[in-house]
Amino acid sequence: MIEIRFHGRGGQGAVTAAEILAKAAFQDGKYSQAFPFFGVERRGAPVLAFSRIDDKPIRQRYQVYEPNYVIVQDDGLLKVVDVFSGLKKRGKVILNTKNSVEVKEEYDVYKIDATGIALDILGVPIVNTVMLGAFAAATGEVSLDSIIKIIKETFPGKIGEKNAEAAKIAYNQIKG
Amino acid sequence: MVLKIATANRAVAEAAKLSNVNVIPVYPITPATSIAEYLAKFVADGEMDAEYVRVESEHSAMSVAIGASSTGARVFTATSSQGLALMHEVLFIAAGMRAPIVMANANRALSAPLSIWNDQQDSISERDSGWIQIYAENAQEALDFVIQSYRITEHPEVLLPAMVCLDGFILTHTVEPVDVPEKEVVSDFVSTYKPANAILDPENPMSIGTFTDPNYYMEARHDMYNAMINSKNIIRNVNKEFGEIFGREYDFVENYRCDDAEIIIVAMGSVCGTVKDVIDEIRREGEKVGLLKLRVFRPFPTDEINAVVKNADKIAVLDKNVSFDIGGALYNEIKAKLDVDAYGFIIGLGGRDVTPEHIRKIVKETKKPEKDVQWIGLREEEI
Amino acid sequence: MKITEKEFLAPGHRACAGCGEPIGVRLALKVLGENTIAVSPTGCLEVITSPYPETAWEIPWIHVAFENAGAVASGVEAALKSLGRKSNVVVFAGDGGTADIGFQSLSGAMERNHDIIYICIDNEAYMNTGVQRSGATPYGASTMTSPAGKKSFGEDKPKKNLPMIMVAHNVPYVATASISYPEDFMKKVKKASETEGSSYIHLHQPCTTGWGFDPSKTIELGRLAVETGAWILYEVENGDFKVTYRPAQRKPLIEYLKAQKRFKHLKEAEVAMLQDYVDRTCSEYGV
Amino acid sequence: MTSTGAVVKKPGSTRNTKTGSWRTFKPIIDMDKCIDCENCYLFCPEGCINKEYEIDYDYCKGCGICATECPVKAVKMERE
C-alpha cells in the first residue's frame with residue numbers, strides 16, 4: 001500500500017487531485033481510495049486530502065499519518081503547516097515552488113514551478129493537474145496515460161485538453 | 001456490472017436510479033447533500049423518470065415521502081444528523097403507517113456543539129422509530145443495501161421503512177471502486193412497487209392514518225413489533241437471492257476471524273474495515289482476535305450474534321454514539337440480549353479519527369478491563 | 001350550481017352537534033366528486049372523521065401529522081403525476097394546522113405550485129384541544145391561552161392574513177369563503193378544481209363550542225361575520241382581486257360580537273377599537 | 001387482532017355509530033310549508049337530510065340548524 005497526502009489551499013483543487021489520482025491508479029488496474037479532510041475552510045485556507053493505492057482492496061478508513069508521498073501545491077504552506085509530518089524515510093515530496101527552498105535531507109524533494117506552468121497553459125494559477133503530472137514522473141506509481149485520461153474525463157472539452165497538456169509538461173520537466 | 005470509482009453518496013444515488021424510484025423528496029444537508037445533487041442531475045438529464053420534490057425542510061421531505069408512498073409511489077430520500085432529528089416525529093409515523101420508504105442516512109454527529117463530522121448518534125437515536133436499520137462498511141454495501149431495502153420494505157409481511165446508514169465523509173466523500181449493476185438486472189430484482197396494504201385510490205377508497213383510542217393503539221404497535229420480527233426471514237431471503245444474482249452475499253452479521261477468537265470486537269459501519277486490518281496484524285503477532293460486524297441493527301439479530309460470539313472470552317463493543325451514563329447503545333443491547341463478558345468503548349464521536357492505535361488499545365483494555373465503558377481517543381492536553 | 005346528491009362524508013362522524021366543519025367538507029366534496037383524494041392534518045376534522053376502525057370518508061383520505069398537510073398533499077400529487085394518474089387532491093386543514101404549525105409546509109407546497117386545492121377551515125382557534133388561540137384568532141377574542149382578564153382584553157393581535165400571504169406566493173387562485181354562503185363557496189371550489197397549480201381557499205367556519213353560541217346558530221353567525229365586515233368574501237385570480245359578496249349595508253360589528261361568549265368581556269371602548277379595525281380593513285378591501 | 005397501519009378499508013363506516021342518540025330536540029319538517037329551498041339539506045352538518053327532505057334520525061344530532069335556516073319556519077324542534 002502506498003499513501004499520498006495532498007497539501008493545498010481551498011480552491012486549488014487538492015481534493016479533486018486526490019480523486020483524479022485514485023481514479024488513475026484504478027485505471028492502471030490497482031485498488032485505490034481518496035478522501036478529503038473535509039473542513040469548513042473556505043477559499044485560501046490550508047486543506048488536506050489523501051489517496052491510497054494498493055494491489056488489494058483497501059479496507060482501512062482513517063487519515064493518512066505516515067505518507068509515502070506528499071504533494072505540496074503551494075510553497076507558502078511550508079511556513080504554516082508541517083508538510084513533512086510522518087513522511088516515511090526517503091519519502092518523496094513534490095513541491096510547487098520557483099524559489100530555492102531548504103528541506104531536510106532525509107526526503108527526496110522534487111521542485112516544480114507548477115504555478116508558472118498553470119499560468120502559461122491554463123491562464124489561472126490552479127495547479128492540481130500540473131502536480132499530478134509531476135507526481136507521475138517523480139514516483140512512477142501511476143501512469144501518465146491514466147492521469148491524462150482521468151483529467152479529460154473530469155474536465156470535459158477544451159479545459160480538459162489544456163489540463164492534460166499542463167500535466168504532460170510537468171511530467172516531462174521532472175523526467176528531465 | 002460496471003466497475004466505477006465513486007463516493008458512497010454517488011453509489012447510493014445510483015442505487016436509487018436503478019431501483020425504479022417514482023418520487024424523490026429531498027432536502028440537502030451535509031454530508032448527504034451530494035446524494036440530493038446527483039439525483040437532481042439524473043432527473044434533469046432525463047436519466048431518471050421521477051418526480052423530484054424540492055421540499056423546504058426534512059420534516060416535509062419525510063411528509064412528502066409518506067404522502068407519495070401512500071399513493072402507491074416508490075420513494076427515496078436521504079438525510080443526515082439534524083435533518084434526521086427534524087424528521088423524528090414523521091419517522092415514527094412512516095413506520096406506524098407502514099409506508100415502505102427507503103432512506104439513506106449519512107451518519108453525522110448531533111448538535112451541540114455543532115459538528116458536521118461522522119458518528120452514529122443520529123440514526124441510533126431513531127432506533128425505536130420502527131425503521132429497519134442497515135449499516136454499510138463501504139460504498140459497495142451502501143449501494144447494495146439500498147437496492148435490497150426495496151425488496152425488504154415492500155414485502156407484505158414487513159411494510160416497515162428502511163434506513164441505510166453510511167458514515168459521513170468517511171464513506172460519503174471517499175472515492176473507491178464500486179460495482180454498479182446493470183439497470184435491467186436491478187429492475188428485475190426490485191420490479192415496480194405494488195402497494196400491499198394501503199393505497200389512496202378513488203376506485204377503492206380507504207382512510208389512512210386514522211385516530212385510535214386506547215382500544216386499538218396497542219394492536220397497531222404490536223403488529224409493527226411482529227413485522228420487525230418477520231422482517232428477519234425476509235432479509236435472509238433477500239440476501240440469498242441478491243447473492244445469487246449479484247454475486248455479493250450478505251448476512252445479518254459478518255464473521256471476520258471469530259471462530260477461534262478469544263476476544264471479539266463488535267462494531268458497525270466503516271470502522272470495520274480498519275478493525276479488520278488491525279486484526280490481521282494482531283493475529284500475526286499471535287493473538288486470537290476477531291471482528292463481528294453488525295450489518296443489521298434493526299431487527300436486532302440476537303441469535304446470529306450469539307452464534308458467533310458465544311465461545312469468546314471477552315467482547316469489546318464499539319459505539320459511535322453514547323447514551324449518557326450507561327455507554328453506547330450497541331454495548332447495552334449486547335449486554336441485555338446475550339450472556340457474554342462485554343465491555344463498551346465509545347469511539348469516533350464528531351469525526352474523531354479512529355486509528356489502528358485506538359483499536360489496539362481497545363483490545364488491550366478488553367484483556368484486563370478496568371471499567372465497563374471507556375472513551376477511546378480523547379485528547380489529553382488542556383486547551 | 002349543479003352538485004351531486006351523493007354524500008362523501010358519511011354521518012356518524014363525531015363532530016359536535018351544530019359543527020360547521022363537516023358542512024364545509026360536504027359542500028366542497030359535492031363539487032369535487034368521487035375522483036378526489038383528501039388530506040387532513042391533525043385537528044378536529046381528523047379526530048371526528050377517523051375513529052378507528054371506522055371512517056366517515058367515502059373517498060380516499062390520509063392524515064399524517066399536525067404540521068405537514070401541505071407536504072403530504074405535495075407527495076400525493078407528485079405520486080399521481082409520476083404514476084400517470086389523475087385525481088383532485090384537496091386538503092382540509094384547520095387554522096392551527098395552516099396559520100401556525102403547518103405554515104412552513106403550506107408555504108413550501110404553494111411555492112412549488114403543486115396541483116392541489118388547500119382549504120383552510122378556519123374556526124379561529126385550536127378547537128380540537130379545547131379552544132387555545134391560534135394565529136387566526138381575531139382581535140379581542142378570549143380563548144384559554146388569550147384569556148380576558150384584569151390586564152387583558154383577550155387576543156391582542158389582529159388575525160393573521162393568511163389568504164393575502166398566499167397571494168404573495170403567486171398562487172394562481174386564492175379565495176376567502178364562508179360556510180354560510182354555500183353557493184359562493186362552491187363556485188370557488190369549482191374554480192379551484194379547474195385551476196392548474198395550487199389553489200387556496202380560506203373558509204370561515206363558526207364553532208359553536210369555541211365561540212360560545214347555540215348550535216342552531218352556526219350559519220347565522222357566519223352570515224353575521226360577513227354582514228358586519230368582520231369577514232370579507234373575495235377571490236384573487238392570477239393576481240386579480242375581486243370582492244365576491246358585498247353587504248348592501250354593513251351591520252355594526254357589535255351585532256356579531258354580542259352573539260358570542262368569546263367577545264362577551266369587551267368594553268365599549270374595546271368594541272369601538274375593533275369596529276375601527278374592521279372599518280379600516282373594509283375600506284382597504286372596498287367593502 | 002391485527003391492524004396493519006390502522007388503515008380503515010370500509011368507507012363511510014361511521015354509519016355504524018348512530019349519533020341520533022346524542023339528540024335532545026328532534027326536527028320535524030312540515031312539508032306543506034316547505035318551499036324546496038334546500039337550506040336544510042345544504043347546511044346539515046351530518047348530511048342526514050336528503051333532497052326529498054327526509055331526515056335520517058339515526059344520525060341527526062338535533063343541532064337545530066335546519067330549523068334556524070328554514071326561511072318559512074317549516075322545521076320545528078320538538079323534545080324527544
Side-chain angles (χ1 to χ4, degrees), chain C residues 1 3-27 29-30 34 38 48-64 179-183 185-186 205-209 213-223, chain D residues 1-28 36-71 73 75-78 80:
Chain C
M1 173 185 248
I3 50 165
T4 173
E5 198 169 349
K6 223 166 154 182
E7 295 291 337
F8 297 102
L9 190 74
H13 60 69
R14 317 294 205 256
C16 300
C19 178
E21 199 162 26
I23 301 174
V25 174
R26 280 184 57 231
L27 297 178
L29 290 180
K30 277 175 183 294
E34 62 196 343
I48 64 176
T49 58
S50 74
Y52 185 86
E54 295 177 1
T55 178
W57 299 88
E58 300 277 6
I59 54 162
W61 172 86
I62 184 171
H63 154 257
V64 176
I179 60 159
S180 304
Y181 295 79
E183 188 93 355
F185 171 50
M186 290 190 290
Q205 176 245 305
C207 170
T208 163
T209 311
F213 59 80
D214 187 84
S216 66
K217 305 247 196 276
T218 302
I219 303 301
E220 207 170 285
L221 260 293
R223 210 176 286 125
Chain D
M1 65 168 274
T2 57
S3 140
T4 311
V7 176
V8 179
K9 300 186 180 179
K10 289 180 184 136
S13 47
T14 46
R15 287 195 177 84
N16 297 334
T17 299
K18 309 280 197 256
T19 50
S21 62
W22 297 18
R23 204 167 53 225
T24 313
F25 296 95
K26 181 179 184 175
I28 310 281
D36 197 18
C37 73
E38 294 192 352
N39 270 4
C40 57
Y41 161 74
L42 288 174
F43 289 131
C44 176
E46 318 308 318
C48 67
I49 304 175
N50 65 18
K51 276 194 168 173
E52 275 71 53
Y53 306 106
E54 294 157 338
I55 297 170
D56 190 339
Y57 291 109
D58 277 355
Y59 303 107
C60 168
K61 293 170 185 161
C63 68
I65 288 179
C66 49
T68 311
E69 291 308 313
C70 181
K73 303 281 169 234
V75 187
K76 279 208 169 56
M77 299 303 289
E78 287 182 5
E80 275 288 338

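Order of the sequence lines fixes the chain letters, A, B, ..., with proteins taken first and strands second; residue numbering starts at 1 for each chain. Because the structure is a prediction, the values reported are computed rather than measured. Scope of the values below: all heavy atoms of this structure, side chains included, with no hydrogens, waters or symmetry mates.
Residue D:K18: no heavy atom, backbone or side chain, is found under 4.5 Å from chain C. For chain C, the nearby parts of D:A6 are the backbone and the side chain; heavy atoms of each come within less than 4.5 Å. Of the atoms belonging to D:Y41, heavy atoms from both backbone and side chain fall under 4.5 Å from chain C. In this structure, chain D has heavy atoms under 4.5 Å from both the backbone and the side chain of C:R14.
Judged by distance alone, the side chain of C:K30 and the main-chain N or O of D:L42 form no donor-acceptor pair under 3.5 Å. No donor-acceptor pair closer than 3.5 Å links the side chain of C:T55 to the backbone N or O of D:S13.
Scanning all heavy atoms of the two residues, the minimum distance from D:W22 to C:H13 falls at CH2-O, 4.4 Å. Here the closest non-hydrogen pair linking D:Y59 and C:G12 is CD2-N, 3.6 Å.
The structure places OG1 of D:T68 at 6.5 Å from CD of C:E220, a figure rounded to the nearest 0.5 Å. Atoms CD and CD, from C:E183 and D:E38 in turn, are 9.5 Å apart once rounded to the nearest 0.5 Å.
Within the 4.5 Å cutoff, side-chain heavy atoms of D:C44 are placed close to those of C:R26. Looking only at side-chain heavy atoms (C-beta outward), D:S3 and C:Y52 come within less than 4.5 Å of each other.
Here D:E69 is the residue among D:K9, D:M77, D:E69 with the most heavy-atom pairs under 4.5 Å with chain C.
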